[in-house]
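Proteins come first, then strands; the chains are lettered A, B, ... in the order of their sequence lines, and each starts at number 1. These numbers were taken from a predicted model, which means no experiment stands behind them.
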Protein chains: 2
Amino acid sequence: MSRGRSPTIKDVAKVAGVSSATVSYVLNDLNKVTPEVDALVRRVAKELGYSRNNAARALKTGRNNIIGCILPTLTSPVFPEIAQAVQLRAEAHGYATLVIDSGNAPMREEKVVRTLAKHGVDGAVALLHPNFKLADPPLFPIVSLDAKFPGLDSVHADHYAGGRLMAEHAIALGHRCIGMLSGFQDLTSSFERRQGFVDAAAGRVELVWEVNVQLVPQLPPEAVAAIRRREVTMIACVNDLVAIAALSVLKDSGMSAPGDVSVFGFDDMQWASWPLIDLTTIRQPLAELGSRAADLLISRLDDRQRPVVDVVLPVTLVERGSTARVPPLP
Amino acid sequence: MSRGRSPTIKDVAKVAGVSSATVSYVLNDLNKVTPEVDALVRRVAKELGYSRNNAARALKTGRNNIIGCILPTLTSPVFPEIAQAVQLRAEAHGYATLVIDSGNAPMREEKVVRTLAKHGVDGAVALLHPNFKLADPPLFPIVSLDAKFPGLDSVHADHYAGGRLMAEHAIALGHRCIGMLSGFQDLTSSFERRQGFVDAAAGRVELVWEVNVQLVPQLPPEAVAAIRRREVTMIACVNDLVAIAALSVLKDSGMSAPGDVSVFGFDDMQWASWPLIDLTTIRQPLAELGSRAADLLISRLDDRQRPVVDVVLPVTLVERGSTARVPPLP
DNA sequence: TCAGGTCGTTTAATCGTGTAAATAGATAAG
DNA sequence: CTTATCTATTTACACGATTAAACGACCTGA
């Protein structure tokens with residue numbers, strides 16, 4: 001019965017007794033054919049188990065129905081949540097998703113973009129370092145994740161508002177002496193989070209110490225030393241991963257949160273809610289971030305001329321067990 | 001200068017003053033041409049910034065240079081490590097990787113396979129539920145991850161040996177009364193881990209209680225109750241995620257590891273080493289799992305007739321702070 | 001009755017590569 | 001000098017789909 005290779009549009013046409021063009025019209029939902037022929041063709045196609053050859057379609061139309069998703073790494077709790085959302089939404093629109101990690105290196109980002117281009121993606125969702133240089137002309141449309149990017153559509157949480165929220169909550173809990181583990185300020189989101197915090201804290205809180213750290217769950221010696229000095233009642237962290245690192249240092253030093261010092265994170269990644277960690281944090285809607293980015297990209301693919309848009313998603317406070325009201329002065 | 005669209009093999013041919021066939025021969029490394037022409041063509045191709053149109057190549061050859069990677073989820077610490085390794089190795093061989101999650105549902109697995117087929121993957125690396133039925137004839141070659149699978153190449157850790165290792169170490173630490181959080185036994189790896197443990201423990205350890213649990217960081221009430229009964233000196237867990245759930249329950253119940261009870265994991269996922277968690281566990285080489293699987297798949301794509309192979313990787317004991325020598329009897 | 005318009009379908013060209021088969025050019029053999 | 005044997009290159013078609021343009025059948029109104 002089966003000829004070995006899978007049936008083509010011509011096989012369907014032959015069996016249905018129509019031309020291959022008609023089959024193509026039917027299968028592309030351009031309603032150019034009579035209802036009867038339409039039904040006939042669909043029935044035959046299903047019977048033969050026909051499925052469109054994507055390569056041929058891509059060759060002819062220049063569209064591959066594949067999008068890329070560029071993230072710094074997958075071995076961090078936040079990014080897979082985003083990737084999953086992107087993929088889900090893309091699939092709903094008939095796109096497959098090529099997830100690829102740039103390893104945090106801005107040089108590799110450009111290589112990764114070329115790799116994706118080589119594999120013919122129609123566009124990509126990407127978390128890019130601000131000094132990433134996009135090729136001119138761009139190889140494909142890109143939607144920037146997590147930060148505005150000149151000339152690109154973008155989707156990101158309201159980091160600034162999140163920073164403010166942190167400060168307000170800290171103040172509400174009575175904290176006046178705070179240490180800060182901020183990210184390096186070349187990353188837009190780290191910068192804005194800090195800025196929001198600093199602006200809202202101004203005059204009401206003393207920023208006793210501040211250390212710039214990498215966004216990984218290990219702290220540099222300088223940060224460890226600062227924490228051990230016990231000069232603050234709260235440590236405000238640029239993200240949850242760093243907050244977990246802070247909790248680790250506390251534990252190693254025989255201290256604990258929130259008994260000795262409160263710890264505040266940012267992101268609300270999945271693990272933040274584990275009882276073992278139980279982190280108070282600012283929640284950014286990771287899944288929505290991903291799906292909105294996918295939407296934006298797909299709409300861009302359908303209309304390249306549409307003006308650039310910047311979607312800002314709201315953040316919320318999630319109060320858990322790593323923070324507490326500051327103890328009354330003795 | 002640029003005609004808008006990217007240069008084709010014909011453009012290269014014209015500029016180099018040869019036929020398009022010659023260019024094709026050069027670029028495919030079939031050494032059918034004189035060294036001078038070879039060099040000339042390569043130079044021109046580079047000058048024009050030529051890059052092969054993958055869709056056209058795929059249409060002609062039937063190979064897309066894309067592989068799939070099917071995993072139950074990405075929002076678990078273990079799988080991204082595997083995915084990253086697969087991707088890295090695949091890229092080294094010129095393949096892109098379509099990572100896709102099957103959401104743990106065996107029914108969805110078959111759908112995911114069809115999705116991948118639709119997007120024209122040449123093959124896939126997959127972590128499959130044992131009762132997954134592969135299409136006949138198969139849509140593409142698959143390498144099974146984490147467990148042997150009839151008819152497929154496979155790569156997996158030596159779960160049975162890991163189970164034995166757990167038991168031996170527990171015995172060495174003096175534990176005689178052990179509770180077990182085992183996975184559901186329809187999953188091969190869960191079954192083998194348990195079997196190894198039980199075989200090695202036979203006659204030397206009393207298995208006081210055992211609960212089958214899902215491989216997620218939350219425990220069913222039954223398991224929570226068992227833990228709170230305080231009848232054992234060690235809890236042996238089917239994997240690290242479950243072990244973390246156990247640690248959480250301990251904390252919620254005012255107990256701690258290893259003071260009140262030792263906790264033993266399996267996998268050695270990245271977070272197991274965080275000071276906050278600090279889990280004794282059996283390490284399976286996740287990255288190697290991924291890269292070996294990719295290798296196997298690619299070699300299969302090059303030779304469909306090659307006999308099926310089953311690669312078993314060794315596991316090792318990683319001793320951390322969640323286990324301790326059993327306290328001497330009062 | 002015939003020009004003109006609609007509508008549904010087919011014809012045929014095209015996308016960029018790969019590759020079998022044809023060809024030309026050089027060399028060797030008889 | 002002819003013929004055979006290579007080898008380097010080109011010619012020409014196929015892969016499977018999309019789509020503009022051509023076509024034919026039918027209807028309509030003057």
Side-chain angles (χ1 to χ4, degrees), chain A residues 2-42 44-45 48-66 94 117-122 301-302, chain B residues 2-42 44-45 48-66 94 117-120 122 302:
Chain A
S2 85
R3 265 260 147 276
R5 72 184 209 304
S6 58
T8 76
I9 208 172
K10 278 190 183 169
D11 298 325
V12 176
K14 195 166 298 173
V15 174
V18 298
S19 81
S20 66
T22 302
V23 177
S24 176
Y25 289 139
V26 170
L27 268 35
N28 285 330
D29 292 321
L30 320 173
N31 35 359
K32 298 198 164 198
V33 302
T34 27
E36 304 90 65
V37 177
D38 185 284
L40 170 66
V41 168
R42 285 183 202 280
V44 172
L48 296 189
Y50 170 80
S51 109
R52 162 162 57 214
N53 180 321
N54 242 285
R57 177 201 176 82
L59 172 58
K60 186 63 178 134
T61 64
R63 295 182 58 160
N64 274 42
N65 282 11
I66 301 189
K118 211 181 63 186
H119 284 284
V121 300
D122 300 317
L301 293 176
D302 290 337
Chain B
S2 86
R3 264 258 149 278
R5 70 184 211 303
S6 57
T8 76
I9 209 173
K10 279 188 182 167
D11 299 326
V12 175
K14 195 166 297 174
V15 174
V18 298
S19 82
S20 67
T22 302
V23 177
S24 178
Y25 288 138
V26 170
L27 267 35
N28 285 329
D29 292 323
L30 321 173
N31 37 358
K32 296 198 164 199
V33 302
T34 26
E36 305 90 64
V37 177
D38 186 284
L40 170 65
V41 169
R42 285 184 201 279
V44 172
L48 296 189
Y50 169 81
S51 109
R52 161 162 59 211
N53 180 320
N54 241 285
R57 177 201 176 81
L59 172 59
K60 192 62 178 124
T61 63
R63 294 183 57 161
N64 275 41
N65 282 11
I66 300 190
K118 212 181 63 189
H119 284 285
D122 299 318
D302 291 337

Worksheet item: On a plain distance test, is the side chain of A/Tyr25 in donor-acceptor contact with the base of D/dA17 below 3.5 Å?
Response: no
Item to complete: Output the single nucleotide from D/dT18, D/dG16, D/dT10 whose closest atom is nearest the side chain of A/Arg57.
Response: D/dT18
Worksheet item: Base, sugar-phosphate alone, or nothing: which one does A/Asn54 contact when heavy atoms must sit under 4.0 Å apart?
Response: nothing
Worksheet item: Roughly, in whole Å, what's the span from NZ in A/Lys32 to P in D/dA20?
Response: 7 Å
Worksheet item: So, for A/Leu27 and A/Arg52, which heavy atoms are closest and what is the spacing to 0.1 Å?
Response: O-NH1, 4.2 Å
Discussion item. Does C/dG16 have its OP1 or OP2 closer than 4.0 Å to a side-chain nitrogen or oxygen of B/Thr8?
Written reply: no
Discussion item. Is the phosphate of C/dG18 approached by B/Asn28 (side-chain N or O, under 4.0 Å from OP1 or OP2)?
Written reply: yes
Practice prompt. Can you figure out which of D/dT11, C/dC15, D/dA17 approaches the side chain of A/Ala56 most closely?
Written response: D/dA17
Item to complete: Starting at atom CD1 of B/Ile9, determine the distance to atom P of C/dC15, rounded to an integer number of angstrom.
Response: 14 Å
Item to complete: For A/Thr61, report the nucleic acid contact type (base, sugar-phosphate, nothing); a contact means any heavy atom under 4.0 Å.
Response: sugar-phosphate
Practice prompt. Using atom types as modelled and distance alone, determine if a side-chain donor or acceptor of A/Thr8 lies under 3.5 Å from a backbone N or O of A/Lys10.
Written response: yes
Worksheet item: C/dT17 P sits how many Å from B/Asn64 CG, rounded?
Response: 15 Å
Discussion item. Within the structure provided, determine whether B/Asn28 and B/Arg57 are in side-chain contact (heavy-atom separation under 4.5 Å).
Written reply: yes
Response to the item:
Between NZ of B/Lys14 and P of D/dT10 the distance, given in whole Å, is 14 Å
Discussion item. Could you tell me if the side chain of A/Asp38 sits less than 4.5 Å from the side chain of A/Arg42, heavy atoms only?
Written reply: yes
Practice prompt. Write down the distance between CG (A/Leu59) and C1' (D/dT18), rounded to a whole number of angstrom.
Written response: 10 Å
Practice prompt. Look at the side chain of B/Lys60 and the base of D/dA14, then say whether one donor and one acceptor between them are separated by less than 3.5 Å.
Written response: yes
Item to complete: Find the distance A/Asn53:CG to C/dT17:P and express it as a whole number of Å.
Response: 17 Å
Worksheet item: If you check every side-chain atom of A/Thr34, which of C/dG16, D/dT11, C/dT9 has the closest atom?
Response: C/dT9
Worksheet item: In whole Å, what is the span from the CD atom of B/Glu36 to the C1' atom of D/dA8?
Response: 11 Å
Worksheet, complete the sentence: Closest of C/dT17, C/dT10, D/dA17 to the A/Thr22 side chain is C/dT10
Worksheet item: Below 3.5 Å, does any donor atom in the side chain of A/Tyr50 face an acceptor in the base of D/dA17, or the other way round?
Response: no
Worksheet item: Think A/Arg63 has a side-chain N or O under 4.0 angstrom from the OP1 or OP2 of D/dT18?
Response: no
Item to complete: Could you tell me the separation between the NZ atom of A/Lys10 and the P atom of D/dT18, rounded to a whole number of Å?
Response: 13 Å
Worksheet item: Taking side chain as C-beta onward, heavy atoms only, is B/Asn54 less than 4.5 Å from A/Asn64?
Response: no
Discussion item. Considering every strand and a 4.0 Å limit on heavy-atom distances, what is the contact class for A/Ser24: base, sugar-phosphate, or nothing?
Written reply: base
